[in-house]
Protein chains: 4
Amino acid sequence: MCPRTTSQFEHIRKEKRQLILDSALNVFAKKGYHGASIATIAKEAGISKGLIYNYFSSKEAVLKETLYTGLEYMFEQYRFDPDKFTTEQFSQLIDLTFSLLEKDFAYWKIYFSVLMQAEVMELIQDKLMEIMIPIIEGFSIILAKMGYNNPMQEARFLGATIDGLSINYITDPKSFPKQYCVNRLKSIYNLPLK
Amino acid sequence: MCPRTTSQFEHIRKEKRQLILDSALNVFAKKGYHGASIATIAKEAGISKGLIYNYFSSKEAVLKETLYTGLEYMFEQYRFDPDKFTTEQFSQLIDLTFSLLEKDFAYWKIYFSVLMQAEVMELIQDKLMEIMIPIIEGFSIILAKMGYNNPMQEARFLGATIDGLSINYITDPKSFPKQYCVNRLKSIYNLPLK
Amino acid sequence: MCPRTTSQFEHIRKEKRQLILDSALNVFAKKGYHGASIATIAKEAGISKGLIYNYFSSKEAVLKETLYTGLEYMFEQYRFDPDKFTTEQFSQLIDLTFSLLEKDFAYWKIYFSVLMQAEVMELIQDKLMEIMIPIIEGFSIILAKMGYNNPMQEARFLGATIDGLSINYITDPKSFPKQYCVNRLKSIYNLPLK
Amino acid sequence: MCPRTTSQFEHIRKEKRQLILDSALNVFAKKGYHGASIATIAKEAGISKGLIYNYFSSKEAVLKETLYTGLEYMFEQYRFDPDKFTTEQFSQLIDLTFSLLEKDFAYWKIYFSVLMQAEVMELIQDKLMEIMIPIIEGFSIILAKMGYNNPMQEARFLGATIDGLSINYITDPKSFPKQYCVNRLKSIYNLPLK
DNA sequence: GATGAATGAGAGTTCATTCAT
DNA sequence: CATGAATGAACTCTCATTCAT
């Protein structure tokens, strides 16, 4: 019963590919990149080690793809039009950030873990820039409208602050005062609370 | 011939021990804990793998010692008396943070890298808490005096923000607008600029 | 092509596992536990070092399994009912001992080698006791019936004597007067010669 | 104060050499040959690792010498004249064996441990034969006088039995019924009990 | 497409041995 | 004679990757 019709192939490939990425994300988040073994990822996915190499060229490629997928998803979520700006929208973007953190906890855990390792960082540097720059620029447009004299620098300050809050939340989700910090951040920018 | 005197041996041990710690710091910063191998650290130090085990009991011990040394140094620097508080002092603490980041760049790189890896984090959790808690509490006393209603939560917000700025600076020291961010942070707390 | 069937894999695993145990036994017998390296065992088996860890969790596990297999086999052979005792049976047990020594020479070599190394001994202590105690006790029942006043002590004397003869045979199988010693031992207990 | 007069050298060398051998014996007995490290032996002797190589060419040489020394001592003790034979003497030889076991417990522990390892055995094979053969032959002369038809084979039986009792005593000195076994052995040869 | 047995490079670690002092 | 820092080979073990089926 091994052979299949060609028509089924593509569907199977796509599903299995995603299954591997999902499993990889879970294992990476739990054990970190070096701690996660291909064997463990395969077991998590319920498939054989060999099959992973049918879909990805290496463990590194699995990580890269995992991170890419997440980045693209984030990019989708953050799509906003800075020209039709309202402070309401700004406020929602901050809320969005923290709801994404909560929703895709595993992803952000491995994302931040990997962020700090120079050699792994290089793997995704380009993609990351491609995605972050428009977001930062979008914020800078908004901040310009809000009257900041150095909107690009202010955007980086804002980004860095969000990073800091995110990392602290990810590292210690139970005791980190998320709601307080969200409101505090909004108050700094005179944004309406939800 | 006669054997070396005890003091000669002590001198050698002290110097070599520091050489190993310095080399380890560099390699850890470049590759992360798991990515750094004892072989690489040895090569960086220009010694044999085996010699490292003459000075440290394991790779883990090398990391611990590396981080401990830095944490203790930081602790020394941050020693402040929250009861004799002035906004001037608060301002200086923020400056101190960024000047330490600049001065011990490699150290902070591995520090933040390690901070994100749960399983590595466990190794230094206790020491870290021992050092961080008094600092956070010190800040919370200051923030209470400044009139914040939730000083402990505000202290965590402040800490997280400093983390975020630090990580962004460490990741991209060339283009990160450090001075702008320092001033911005001070302005949030109505501190005097330098 | 299609993957191997489960039964094919099972067959491979069973055969290779035995191959490793056999090779390990030979190398252990020649070099002792500490002197035998996984590399040597792998070379003896004509496989890679790594593969051994596909079948056994550690070198210790290989030794344990090697010895366990032998002990269980011995236990099977020595199964006797001391209540239905005849001197004929006693005589046969002595013969059995020496025919086992001859048949599984390599096994007994490592067995006695390991017996003497306290720290290795601990690995199999429990299993060994589980098997030896009933045998010693069986003998003591027989010896009681034969009229010995201290049957348990006599059983230990008998056991020790058998050990001594066995070790001398194993150490120097060519010139040790096995047949003479078997008969001599039987004569001590007034057993019928074969 | 480093240089010494030449006259002192020889005395120091002899004493230190013996100190190393004694320490080595203790460590070997406790940990076995492979488990004992030069570092541990040096520490036990209160000297430096390097110094051991001033007296012995290798770890193997230390073991060899340790065993040699013991064998020679044993040889001294067992010196007897088979031509002036009495059963009283025979009986005393058996007693001697067990009192030596007790007196030099550490030595016999490493001796028997090493006895079973083919490759280590080769180191002392020659010396051992040189010493054992006269003893075995001495016994065979005695046994011939006692009327045994195959005195040489009987001597080997006796030797093997003594080995077995010895090993059992060494392995488990607390619960082994030494006295019973000594008497039992004597009874087999119709020797006077002490 | 799918399996897992098999490989081999490299990891951390130990330790007999050397050698400058 | 004596030291212990230093080496390097060998150890056990792991794991990304390959490949016959």
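Note that this is a predicted model, so its numbers are computed, not measured.
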Handout entry: Contacts of C:S57 that satisfy side-chain contact (heavy atoms from CB on, under 4.5 Å) - sequence neighbours left out
Key = C:A61
Completion exercise
Symbol by symbol from the 5' end, with Watson-Crick or G-U pairs under 3.5 Å, [ ] crossing and | another strand, DNA chain E is .||||||||||||||||||||
Fill in the blank from the handout: Across all chains, not counting sequence neighbours, the salt bridge (Lys or Arg N to Asp or Glu O under 4.0 Å) partners of D:E65 are D:R17
Exercise for the section: Under 4.0 Å from any atom of DNA chain E, heavy atoms only: list the residues of residues 20-32 of chain C that qualify, in numerical order. Expected result: none
Fill in the blank from the handout: Note: contacts of residues 35-43 of chain B with DNA chain F (heavy atom, under 4.0 Å) are none
Practice task
Could you list all the salt bridge (Lys or Arg N to Asp or Glu O under 4.0 Å) pairs where at least one residue sits in residues 35-59 of chain D, not counting sequence neighbours?
Solution key: none
Exercise for the section: Report the residues that fulfil ring-ring contact (aromatic ring centres under 6.0 Å, His included) with D:Y33, sequence neighbours left out, ordered by chain and then residue number. Expected result: D:F28
Problem - Residues which pass salt bridge (Lys or Arg N to Asp or Glu O under 4.0 Å) with D:K127, listed by chain and number, not counting sequence neighbours - result: D:E72
Practice task
Please list, by residue number, the residues of residues 51-70 of chain D whose heavy atoms come closer than 4.0 Å to an atom of DNA chain E; answer none if no residue qualifies.
Solution key: D:Y53, D:S58, D:K59
Exercise for the section: For A:N54, check side-chain contact (heavy atoms from CB on, under 4.5 Å) against everything at least two apart and list the hits. Expected result: A:R13, A:L51
Exercise for the section: Ignoring hydrogens and angles, answer whether the base of F:dT3 and the side-chain atoms of D:K49 contain a donor-acceptor pair closer than 3.5 Å. Expected result: no
Practice task
Tell me, please, which residues at least two apart from C:Y73 pass side chain to side chain donor-acceptor pair (under 3.5 Å).
Solution key: C:K103
Handout entry: Where at least one partner belongs to residues 28-41 of chain C, residue pairs that pass salt bridge (Lys or Arg N to Asp or Glu O under 4.0 Å), sequence neighbours excluded
Key = C:K31-D:E119
